[in-house]
Amino acid sequence: MIRCSRCGEQKEPITKTAFYSGETASALKAHACPDCWNEWIKMQIMIINEYRLNLMDPKTDEFLNKQVLAFFKLDDGADLASVNYVAPEK
Ligand SMILES: [Zn+2]
């Protein structure tokens with residue numbers, strides 16, 4: 001069991017972290033519950049649409065890593081609204 005850093009409840013950890021890897025994946029597995037994770041997946045789709053993110057762009061990766069950490073309050077000081085993102089050129 002883990003204590004989810006978003007909802008604060010003790011729940012089972014998530015086992016899959018989609019395309020997140022390395023430190024981000026470790027942090028998520030240690031701090032994210034499945035319910036909040038599902039919430040994030042929906043949020044992520046909204047963010048991708050809103051910012052018209054190109055998933056092939058490494059900058060998208062970096063951006064989503066920051067966003068997911070902010071979503072789970074694992075990124076000191078950052079939050080979803082304050083992350084600056086420069087959209088990739090087409
Ligand atoms: Zn949670």
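All ligand and atom numbering here is 1-based and tracks the order in the structure. Count residues from 1 along the sequence. Remember, it's a predicted structure, so these values are computed and weren't measured experimentally.
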Check your understanding: What pairs of residues pass the salt bridge (charged side-chain N to carboxylate O under 4.0 Å, His left out) test when at least one of them lies in residues 31-51, not counting sequence neighbours?
Key -> Arg6-Glu39, Lys11-Asp35
Point to revise | Met46, CE atom: more than 12 neighbouring heavy atoms under 6.0 Å | key: no
Review point. Is Arg3 reaching over with its side chain to a backbone N or O of Gln10, donor-acceptor style, under 3.5 angstrom?
Key: no
Exercise for review: Mind checking how many protein N/O/S atoms fall short of 2.8 Å from the Zn ion (ligand 1)?
Suggested key: 4
Exercise for review: Taking salt bridge (charged side-chain N to carboxylate O under 4.0 Å, His left out) as the test, write out the residues that go with Glu12, two or more places apart.
Suggested key: none
In a table with atom names and distances, give each donor-acceptor pair under 3.5 Å that connects a side chain of residues 18-30 to protein atoms at least two apart or in another chain.
residue: Tyr20; atom: OH; partner: Trp40; partner atom: NE1; Å: 3.4
residue: Tyr20; atom: OH; partner: Gln44; partner atom: OE1; Å: 2.6
residue: Thr24; atom: OG1; partner: Asn65; partner atom: OD1; Å: 2.5
residue: Ser26; atom: OG; partner: Gly22; partner atom: O; Å: 3.0

Practice item. Answer yes if Ile48 and Met56 sit in the same cluster of Ile, Leu, Val, Met, Phe, Trp and Tyr residues linked by side chain heavy atoms under 4.5 Å apart, and no otherwise. Key: no
